[in-house]
Amino acid sequence: MDLHLDLDVTEGRRTGLERALREAVRSGRLPTGTRLPATRRLAADLGLARGTVRAAYDQLIAEGYLTARQGSGTVVALRPQAAPAPSATPAAEQPRHDLRPGRADASAFPVAAWLESARRALGSAPADAFGYGDPRGRPELRAALAGYLGRARGVSAHPDEVVITNGYLQGLTLLATVVGGTFAMEDPGVPMHREAVRRTGARVMPLPVDDLGARTDLLGDLGADAVEVTPAHQYPTGRTLHPDRRRALLDWARSSGGLIVENDYDAEFRYDRKPVSALQGVAPDRVAYLGTTSKTLGPALRIGWMVLPPWLIAPVADARLHTDHHTEHLGQLTLSDLIDRHGYDRHIRASRRRYLRRRDQLRRHLAGFPIALTGIAAGLHALALLPPDGPAESDIRDAARAHGLAVGYLSEGSEVPSTRQGVIIGYGRPPDHAYTPALDALTATFATCFGRSGQV
């Protein structure tokens, strides 16, 4: 091993070596348990006499920096570590009960199926899978997704129109970078999405959301170049875009030449009605369709996709090339195998059944309270709208904190003042063993604010 020692021999070679080794141990550059080279090897590497190295080792052993055992060589000794300096921004304390929205149950990741697909994918991977690749992604996954999205979401896709990304956020920022101008974005919505678009230099205009979904009838007055919408299941209201609003959205895109960015949020999880087909299938020349595995498999994979109109493919691929080149290949090949062998479909069907049971359990827990529970026909969260004469979000927040519970709040996703207040309950996040205790904490929180009888 190369220790990269910088020797100052002005006070002698042995002293210089002792000082260099001592500083390397103190600084942590040579951590506890590091095995040092044999005296003969280190002497040859540094151009020193072996006796000089042996003497330096003996001195540091005597001082407690090193330890030596017969047959084990010389290693860095266990030393107490200094306490880390207090952080200026300490990490938030983790709640005992977590019902925040935006996450699926990470413990439900299909480990066995993923490993099986990974073995097959790695065993048959072509040589170019281990080098740089097309910024649009591996052709195997693009072809698999084109077929899957066509049958499962009604997307009109050719593999050449699919671009693989590191999740939804990267796809959105790539589009904002290429299109520029003004983006209309749903309000309430996801604050991080708005901030990501702003950081590309694009201007963000709020697009109000009501009980019929995004107010796409207002787009003509906003002067937008693009609009981001969640027509299948809006976050956080859970509304599906009304057919009249869908038509207004498509009319705007065709007449203005604007781009529709379709976030197919939570689209795989439908419970009480048939799936709503993707908007992209109706107007593939004006819609950029975006999806991800973050809710179906997990955000750790960092795999998302875009299906682009032909006029956007080249500029987006160029922007991707000069951003991070491409998404890692082995995960793409594994997902491709999982889709082709229908393991992805089986996992989604099993997940849909689990989350349906959770949703029904949530409804039973909150049945006695005077709230309007919306968005429950699909997705991984529900919005509990608070009555005008009832407790405020701040009251719920205080009670939730007292019960060790974390949830989301409607006001957090809005930049436009609103009289509506609500609690966003994510029933996808906790593992199975933690879900019922979390619902008990939620019920206790609401009982604190509404009264034990469920009345204000």
Side-chain angles (χ1 to χ4, degrees), residues 128-129 131-146 149 155-186 189-205 207 223-230 253 256-265 278-280 283-294 299-333 335-336:
D128 65 356
Y132 291 108
D134 189 329
R136 293 175 299 171
R138 289 295 306 177
E140 298 90 341
L141 180 56
R142 288 159 46 207
L145 282 170
L149 295 173
V155 171
S156 175
H158 186 277
D160 289 344
E161 298 166 340
V162 178
V163 175
I164 308 302
T165 63
N166 294 326
Y168 176 82
L169 198 62
Q170 185 183 52
L172 177 62
T173 54
L174 285 170
L175 289 172
T177 299
V178 170
V179 176
T182 299
F183 264 64
M185 304 184 74
E186 294 174 335
V190 181
M192 181 180 287
H193 293 177
R194 291 193 289 260
E195 179 60 21
V197 170
R198 286 193 176 104
R199 291 191 181 202
T200 68
R203 182 188 181 203
V204 172
M205 293 287 290
L207 181 65
D225 300 286
V227 56
E228 183 209 23
V229 290
T230 50
S256 68
L259 175 70
I260 300 170
V261 179
E262 181 176 12
N263 178 359
D264 207 19
Y265 181 80
L279 194 67
Q280 189 270 355
D285 57 327
R286 301 312 319 167
V287 178
Y289 173 93
L290 277 66
T292 174
T293 61
S294 66
L301 296 181
R302 307 312 304 142
I303 298 179
W305 49 81
M306 297 187 284
V307 180
L308 300 176
W311 56 276
L312 269 177
I313 297 171
V316 167
D318 182 70
R320 181 67 198 277
L321 175 66
H322 294 92
T323 300
D324 64 346
H325 208 305
H326 60 75
T327 299
E328 67 91 9
H329 288 165
L330 299 184
Q332 292 187 59
L333 294 174
L335 179 58
S336 173

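- When all heavy atoms of Ser294 and Pro299 are compared, the closest pair comes out as O-CD, 3.4 Å.
- Within the structure, every pair that satisfies the side chain to side chain donor-acceptor pair (under 3.5 Å) test and touches residues 167-185, not counting sequence neighbours, is listed here: Tyr168-Glu228, Gln170-Asp324.
- Atoms CE and CG, from Met306 and Leu312 in turn, are 8.5 Å apart once rounded to the nearest 0.5 Å.
- The shortest non-hydrogen separation linking Ala157 to Val307 is CB-CG1, 3.7 Å.
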Q) Run the side chain to side chain contact (heavy atoms under 4.5 Å, CB included) check on Val261 and Val179 step by step: do they pass? A) CA-CA 11 Å; Val261 179; Val179 176; over 6 Å; no
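- The residues Asp134 and Arg320 are annotated as not salt-bridged, no charged nitrogen and carboxylate oxygen being separated by less than 4.0 angstrom.
- For the pair Gln332 (side chain) and Gly137 (backbone), a donor-acceptor distance under 3.5 Å is absent.
- Applying side chain to side chain contact (heavy atoms under 4.5 Å, CB included) to Leu308 and the options Val287, Leu175, Val162 leaves one that passes, Leu175.
- Taking 4.5 Å as the limit, some side-chain heavy atom of Arg142 sits within range of a side-chain heavy atom of Asp160.
- Shortest non-hydrogen contact noted between Tyr289 and Glu262 is CD1-OE1, 3.5 Å.
- Residue Trp305 holds its CH2 atom at 9.5 Å from CG of Asp264, rounded to the nearest 0.5 Å.
- Considering all non-hydrogen atoms of both residues, Ile260 and Ala253 come closest at CD1-CB, 3.7 Å.
- Remark: the backbone N or O of Glu140 is paired with a side-chain donor or acceptor of Ser336 at under 3.5 angstrom.
- In this structure, the separation between CD on Glu161 and CG on Leu145 is 13.0 Å, given to the nearest 0.5 Å.
- Between the side chain of Gln280 and the backbone N or O of Ala288, no donor-acceptor pair lies under 3.5 Å.
- With values rounded to the nearest 0.5 angstrom, Arg138 atom CZ is found 12.5 Å from Thr327 atom OG1.
- Remark: Arg203 CZ is loosely packed, at most 12 non-hydrogen atoms of other residues, nucleotides or ligands lying under 6.0 Å away.
- With Arg286 contributing its side chain and Gly257 its backbone, the two residues share a donor-acceptor pair below 3.5 Å.
- Scanning both residues, Pro309 and Asp285, for their nearest heavy atoms gives CB-O, 3.4 Å.
- A distance of 7.0 Å separates CE of Met185 from NE2 of His193, quoted to the nearest 0.5 Å.
- The two residues Pro135 and Val163 come nearest to each other via the heavy atoms O-CG1, 4.3 Å.
- Counting heavy atoms from C-beta on, the side chains of Thr165 and Leu290 never come closer than 4.5 Å.
- Here the CD atom belonging to Glu328 is positioned 8.5 Å from the CG atom belonging to Leu333, to the nearest 0.5 angstrom.
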